Structure formats: structure tokens, C-alpha cells
> 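The structure that follows is given in the form of C-alpha cells.
Residue numbering restarts at 1 for every chain, and letters A, B, ... go by the order of the sequence lines. Given the structure is predicted, the values throughout are model-derived calculations rather than measurements.
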Amino acid sequence: MNVVFEPQHLRLIAPEMVLTLSAFLVLGLSALGGAGRNLWAPLLSLLACAVTLVSVLSFVWHLGWDALRAPELTIGFNGMFIVDAFSIFFKVVFLLAAMLTILVSSRYLDLERANVGEYYALILFAVVGMMFLASAGDFITIFVALETMSLSFYVLVGFLKANRKSNEAALKYFLLGSFSTGILLYGISLVYGTTGTTILGLIGISRAKMAMASPEAPIFVLGVILVTVGLAFKIAAVPFHMWAPDAYEGAPTPVTAFLSTGSKAAGFVVVARVFSMSFLPIGDRWAALLAILAVASMTLGNIAAILQENIKRMLAYSSIAHAGYVLLGVIAMGLPGTAETREYGLKAVLLYLLIYTFVNIGAFALVIALRHEQVAGDRVADFAGLARRAPGSAFAMLIFMLSLSGIPATAGFIGKWYLFGAAVKAHYTWLAVVAVINSAVSLYYYIRVVVNMYMKAPVDAERFTPSWGQRVAVAACITFTLFFGLYPQPIIAFAEKSVLVLAPWAS
Amino acid sequence: MAPEAVVFYVLASIALVSAVMVIWSRNVIHSAIYLVLTFFCVAAVYVLLRAEFVAVVQVLVYAGGILVLFLFAIMLVNLRDPLGSRLGVHATLSGIVGVSVVGMILYVYSTGRLARSLTLGPPTTGGGGNIQLLGDALYRDYLLPFEIASILLLVAMIGAIVLARQKY
């Protein structure tokens, strides 16, 4: 730790700086007010995300994928900030999720009379937190970045101040979130105490050298368990999922869409980074722990989703189940198999999170579009007869539902194929079987929405008119889902190039 | 006795007595004032331990900021009548817990383990004292998390204002 700060490291955080400054700009201009602010605040935020996206991808153009897989030049700030292909992949996911969220937000917020610049600024700040998280190379950076993201979300969930449900959701999310942060911090402190460093890579080396019989070993394992619990809260895995249904239901629907995709992906960034760089020496142990979480999340999430009448709650439980599926890939990464299996598992995680982001935001976009002056549009029954009112939108919802349940020819199938394949490769075949059975169960409640749309008479006579932003977002999501469902090679290659080169002490 | 030890014992006893007075006094305002006194004495003890920075922070944050908040809160809720001193179940329970914690500390102290693990290291003077060490850690080694923390605080502030404001 005697590396002095080097100004050229600022180049590494350029995308984050651009986005932070844009958030300041949105915030400052919204304070000035003016009649047109409902229009330009989302537009400016979209532009900011696009510019940041370009600046993230400029690393690839300058250095190439190969140089970014095992980075040496692009580590800065004493190893606390790593720009590698893995982080770039996730930054792209976060920025795309944010852009889709902003597109679907404006009309909804107008209806709730809460369309203000602060909303967009908070979305941008959440993305800043996520982006720092994707590149974080040590536990302290992970912690502050995670909190930046979480704090933005606490406020966003409670953004509808006049709405009791929104208030309640924000309070529950805040209390349970703070609690989980405390557990995470405690775990981090134990890991730091036994290894003497917070740098992720050094923790792995230190642990690999640690004798099994040494008194530090059990404390280190306890630290790993507590970190796992803290992160399981963030990805909403059972039994640490209690906040999710309430927070998802009460939050403004665009925030729910962002929470279920961006925030979940951000949780998995940390899981993938920490478990592969720091905790891999005891991979077989935490893989068993995660297997329990995965089975519980899939089963409980899917069964609870069947019972829901509110579509936001249903999608909340479905997202809990999806966290369980994604854990399969993480488990395959941890087991002491071949390096190929490990990287296959990680690749499946990346691929699935990218696909899930588009499919889930697409589904939420249609829930948002159903909201109009009199109708909240968040019950499954509100979809009744949508096929007659708006055939195009009903078809889109059909594709998203099929994709979430993993029907072939949609992107969701490709994602699940790789995840379940990873579990089989890692000799966790029973886990893959459980996941397949769960997918079959999930088909029931996804199809229920479809049945409502196609086989019931419309209850709502109002014309179905999504805003242009919602149209663009749904079109983007549906194109993604169908195009990559039929021709997945580009995104598979993207995920493959972005896989972390697993630490050398692993094998 | 060395002069430092004399100063220490004087400060420590003032701190302890006023700490007792914080819970003893029936007037909440008096309690708060006694708390300031405790904080100041503890800050002085930090100076004796050559932890100047902690001492300054103690005075600025605790004796300054937090105490003012306390006083504001007391005045806002307007506690006119002093609290009664009934011995309820809660008081008895917390008494038992308190006594046993003190017993535990005394026991550990009597075994001598505490004294061994708490022997002071060499004073951390790298030219500028511990303030420089802290500055080095914050602004050089941990520069990035420090900067992200400032964004974090800004988000917290914006969030509080957004949620607390009456209208949008």
C-alpha cells in the first residue's frame, strides 16, 4: 500500500465521473424549475447514460477484449478499482437497464404527479453506485458503492409520498436493508481480521496460504457466511427475501422494474467478484451453502407467485425464483471442478442477468402502460382482454411471459439452458432437476396472465395508449428477446469474453 | 506519581462522576450538560494518549454537534415534569445486565489478560503525528472509497430533502 495516487488513474473512473456530473446537472437544472422540465429531465438523463455507455465501451476500443480479461494496466487506486471485461459487461447491463427505466418512467410519474428531476437524478446516482460496484476491487469500495446504490433505491421506493403503500414499502426496505448491511459489514470485518487485508485478490491469496487447522480458519468461514447472508438480502434469495414482495408492490412501478433487474444484477456482481477472487479457496463449502439458498429461493418463489393476484407481487416472487436459478451458475463457479466448468458457470450467470434485464423490464413496461387515470393496472385481472384492446402489446406480454418461464425460441430459454447446463457440468444434476421442475411450475402463473389477455373479455373500456417512451422500451425489449432467442451467438460471445479470469490460486 | 498520571486521574474521576450525574439528575437539561462535561474530559484523556485527532473529533462531533441535537430534541418534545424513578421490570433487568457486565470486565481485568493485550504500542509519530497518518490513509490509500462516500452522503441528503418536502 505504498503506491501513491497517480493522476492517470482518473481515466479509469471517467465513465463514473461523467455520470455523476450529469446527475448533478439534472439535479441543478430541476431546481431552476420551468415548464419544460418534465420533458428535458428524462431526455438529459437518457443522453447522460448514452454518453457514459460510449465512454465505458471506449476501453474495449482502445485496449481490446483480450487485454481486459486479465487486466494489469487498468487497475487503479491501489487495487481498489478494476476495469476488466467483467466490469464492462455489467456496466453495460446497468446502463441499458437505467435507460429502459427512464423511458418508461415519464408518463407514469405524470399520472402520479411526481414527475420531477430528483427522480432521474436518483436513478443516475443509483447507477453510479452500481458502476463503482462492478469495478470494486476491495471490500471498502464495495461497501460504499453498495450503500450509494441502496440509499438511492430506498428513496426511489418511497418516492410517491402521497401513497401509503409506497411509504410502507420504503420503510420496510430501508429497515431490512440497513440490517443486512450491518450483517455484511460484520462479515467483512471478520474476513479482514483473519486475513489482514480488504483487497479481494489478496484475501484469496492469504486464505490459500492459511493452514486448515489454524485458529483463524473457522472465523474466516464465519465471515464468509455473514457476507453471504448480507449479499443474499441484496439479491433477494430465500430466506432473506422478506422485503422484496412489499418493496416491489409499493414502489413506483418503473422503480420496481429497475430494482428487480439493476439492483439484482448489482448484487450478483459482488457475489461473482467476491466469491471468485476472495473465497474461491473454500469454494466447495460456500457452494453447498448457496445450493440450499438456490433450492429454497426457486421453490418458495415459484409457489408463492402462484397465489398472487397483484402482478407486481407476482413478478416479485418470480424474481426471487430467478435469483435461485442464477445461483446455479455461481455454485458451478465455486465447485472444485475444471477451470472450464467454473468459467462456464460464470458465463451462464452473466448471460442470464443480461437477458433477464431486458425481459423483466419489458414485462414491467406493459404493467406501467396499463396505468391510467382511474386504473392502477397492477392486478393480473387488469390484463383481461388486452388482446382485443391492443393486440401488439398483448403479443409482447405473451413473449415476455414465455421468456420468463424459459420456453424455447425466446432469450429466456438460452439463459436457463446455460444455467442448468452449468449445474449439470458441476455434477449438481439434482439441482438442475429441481430447477427444471420449478420452471414447469412457474409456467402456470405466467400463462395465467396470457389466459387473462387472450381468453377474457376486457373490463376496461379505455383506449390503451402507451407513451412513446414506453413504446420504444417495449420494442427494444421484444426485439432483444426474440432476436437473441433465435440467434444467441452474439450475446453468448459477449458473456464469454467478459468472464473473469479466475484467480490463479484456484486450481 | 508522574504528573501525567495525576492529570489522568483527575480527568477520569470528573468524567466518571459527571457520567453518573447524567443518569442521576432528574432534569433532562442538566443531564445533557453533564454529558458535555464527560465528553470534554474524555477528549482530554485522548490528548494524554497522544490521539490528538480523536480528541478534536470528540469535541467537534460529540460535544458540539450531537449535544446541540440533544438539546434541540429535548426542547422540542418539551419534557416539563421530571421523569419519575420507579423501579420497573425494565430497570431491574437492565440493572442485572449492567452489574454482570461490570463483573465480567473486572474478572477479565483480574486475570491480567486485558493488561497484556492493551499495552500501548510506540506513539505513532511519523513527523506529523496521527493526523498525518490518518490523512495519508484517507486521501492516498483509500482515496476512491473516500470520494464515493461523499457521493453517498450527497445522495442521503437529497433523499432526505425529497422525502421530507411537502410538495414536489
> So which part of I161(B) gets closer than 4.5 Å to some heavy atom of chain A, the side chain, the backbone, both or neither?
neither
> Give the member of V128(A), T20(A), T141(A) that has the highest number of heavy-atom pairs under 4.5 Å with chain B.
T141(A)
> Quick check: closest heavy atoms across A156(B) and L151(A), and the distance to 0.1 Å?
CB-CD1, 3.7 Å
> Given the rule in the side-chain contact (heavy atoms from CB on, under 4.5 Å) test, do E118(A) and R165(B) qualify, once you have shown the distances and angles that lead to the verdict?
CA-CA 12 Å; E118(A) 287 89 338; R165(B) 218 167 26 172; 3.1 Å; yes
> For F24(A), is it the side chain, the backbone, both, or neither that has a heavy atom closer than 4.5 Å to a heavy atom of chain B?
side chain
> Rounded to the nearest 0.5 Å, what's the gap from CZ on F77(A) to CG on D141(B)? Could you check?
12.5 Å
> Name the region of N167(A), side chain, backbone, both or neither, that has any atom closer than 4.5 Å to a heavy atom of chain B.
neither
> How long is the span from the CD1 atom in I148(B) to the CD1 atom in I13(A), to the nearest 0.5 Å?
8.0 Å
> If you count heavy-atom pairs under 4.5 Å with chain A, which of I151(B), L154(B), L152(B), D136(B) comes out on top?
L152(B)
> Nearest 0.5 angstrom please: F125(A) CZ to I158(B) CD1, how far?
4.5 Å
> Would you say that more than 12 heavy atoms from the other residues, nucleotides or ligands in this model lie under 6.0 Å from the OH of Y34(B), or not?
no
> Working note: V144(A) + Y142(B), criterion side-chain contact (heavy atoms from CB on, under 4.5 Å); need CA distance, chi angles, decisive distance, verdict.
CA-CA 12 Å; V144(A) 283; Y142(B) 292 96; over 6 Å; no
> Given heavy-atom pairs under 4.5 angstrom as the criterion, report whether the side chain, backbone, both or neither of I142(A) touches chain B.
neither
> Closest heavy-atom contact between K161(A) and V162(B)?
NZ-O, 2.8 Å
